[in-house]
Amino acid sequence: MQRDFKIAPSILSADFARLGEEVESVIQCGADFVHFDVMDNHYVPNLTFGPVICESLRNYGIEAPIDVHLMVEPVDRLISDFAKAGATYISFHPEATEDISTTLNLIKEEGCKCGLAINPDTPLSFIEDHLESIDIITMMSVFPGFAGQSFIPEVLDKLTSTRQMIDDSNRDIYLEIDGGVKADNIGDIAKYGADVFVSGSGIFGTEDYQKTIDSMRDNLSAA
Ligand code: DX5
Ligand code: ZN
């Protein structure tokens, strides 16, 4: 059966001076989610953007789900701001919060869908313990902090195990892969069980977004 694959361009590689247009353009070219990488110069050694930019995208007219990936520590204080700014999904790194269940509940209480982001060296036990409460798992295929890194192939085994865990749970949980995804490896990655594909430089770093997203779709249908 053909799975319902989602393409989630990471705006980290967009032209920030023309952010509204850039996001509108990838959505018109067939992207499904807007991946929104929040970095705080503390949990990761880089600094990006916060809730006001998310709100600006909503005010600009972006209606697609916004998938907020928090690479921040602490986490809880930011959740309500992102919910008010129009976030759809909010994911965080379990190591970055004091109590994972409290943070997941906060996200849900604010009316958003919640997720956990798992670094290449983070054990899967973190998600196993919270499978009953989460809507999305962000499997990192690079160490968080920067766009344009190479996909770490060792993560593919974790992807397979996580897919199995999700299927066994009978819950509707997205399995997102984040880092180093491009048109030329997306089909292979899909075979390991991912169904949401974040791509920053792999989309915004190319000349023709339509051509890139079409080629991603072709490679996904062949997977
Ligand atoms: C890494 C971020 C990713 C990254 C994706 O810390 O979470 O979303 O920006 O960028 P590419 O696709 O260029 O690896
Ligand atoms: Zn991300």
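This one's a predicted model, so the numbers in the text were calculated from it and none came from an experiment. Each ligand, and each atom within it, is numbered from 1 in the order the structure gives.
A pairwise comparison of heavy atoms in Ile203 and Ile213 identifies CD1-CG1, 4.2 Å as the closest pair. Nearest heavy atom pair, residue Ile7 against residue Arg217, reads CD1-CZ, 3.8 Å. In this structure, Ile11 and Phe204 approach most closely via the heavy-atom pair CA-CE1, 4.0 Å.
Both the backbone and the side chain of Pro144 come within contact range of ligand 1, each with a heavy atom under 4.0 Å.
Ligand 1 places these atoms under 4.0 Å from at least one heavy atom of Ala147: 9 (O), 10 (O), 13 (O). Shown in contact with Gly148 at under 4.0 Å from a heavy atom are these atoms of ligand 1, numbered in order with element: 11 (P), 13 (O), 14 (O). Those atoms of ligand 1 with a heavy atom of Val198 less than 4.0 angstrom away are 8 (O). Atoms of ligand 1 found under 4.0 Å from any heavy atom of His35, numbered from 1 in the order shown, are 8 (O). Interface atoms of ligand 1 facing Gly179, defined by a heavy-atom separation under 4.0 Å, are 14 (O).
Residue contacts with ligand 1: Met140 is placed with no nitrogen or oxygen under 3.5 Å of a nitrogen or oxygen of the ligand (distance criterion only). Inclusion of Gly145 in the set of residues having an N or O under 3.5 Å from an N or O of ligand 1 is warranted. In terms of polar-atom proximity, Ser199 is not counted as a contact of ligand 1, lacking any N or O under 3.5 Å from an N or O of the ligand. Note: no N/O pair closer than 3.5 Å links Ser13 and ligand 1 by distance alone. Not one N or O of Lys182 is nearer than 3.5 Å to an N or O of ligand 1, by distance alone. The N/O atoms of Leu12, backbone and side chain alike, include none that comes under 3.5 Å of an N/O atom in ligand 1.
In this structure, Met39 is part of the shell of residues with a heavy atom less than 4.0 angstrom from ligand 1. Under the 4.0 angstrom criterion for non-hydrogen atoms, Phe146 is in contact with ligand 1.
With values rounded to the nearest 0.5 angstrom, Asp76 atom CG is found 8.5 Å from Ile107 atom CD1.
Ion pairing between Asp135 and Lys108 fails under the 4.0 Å rule for side-chain N and carboxylate O. Arg58 and Glu55 are not joined by a salt bridge, as no carboxylate oxygen comes within less than 4.0 angstrom of a charged side-chain nitrogen.
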Checklist entry - Do Asp37 and His35 pass the side chain to side chain donor-acceptor pair (under 3.5 Å) test, and can you show the C-alpha distance, the side-chain angles, and the key distance before you say yes or no? => result CA-CA 6 Å; Asp37 283 310; His35 187 77; 2.9 Å; yes
Checklist entry - Can Thr122 and Glu95 be said to form a side chain to side chain donor-acceptor pair (under 3.5 Å), step by step? => result CA-CA 9 Å; Thr122 298; Glu95 303 90 339; 2.5 Å; yes
Checklist entry - Going through the distances and angles, do Gln164 and Asp168 end up as a side chain to side chain donor-acceptor pair (under 3.5 Å)? => result CA-CA 6 Å; Gln164 190 61 52; Asp168 291 346; 3.1 Å; yes
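Checked by atom type and distance alone, the side chain of Glu22 pairs as donor or acceptor with a backbone atom of Asp15 at under 3.5 Å.
When the Zn ion (ligand 2) is compared with the N/O/S atoms of Asp178, atom OD2 turns out nearest. Per residue Asp37, closest N, O or S atom to the Zn ion (ligand 2): atom name OD1. For His69, the N, O or S atom closest to the Zn ion (ligand 2) goes by the atom name ND1.
For atom 12 (O) of ligand 1, the closest non-hydrogen atom of the protein is Gly200 N, 2.7 Å. Of all protein heavy atoms, the one lying nearest to atom 14 (O) of ligand 1 is Gly180 N, 2.9 Å. Of the protein's heavy atoms, Ser201 OG, 2.5 Å lies nearest to atom 13 (O) of ligand 1.
Applying the ring-ring contact (aromatic ring centres under 6.0 Å, His included) test to every pair with at least one member in residues 152-182, sequence neighbours left out, gives these pairs: Phe33-Tyr174.
For atom 3 (C) of ligand 1, the candidate residues are Val38, Asp178, Val181; the nearest heavy-atom contact is made by Asp178.
Between Phe49 and Phe36, the ring planes are perpendicular. Angles over 60° get that label, and only those under 30° would be called parallel.
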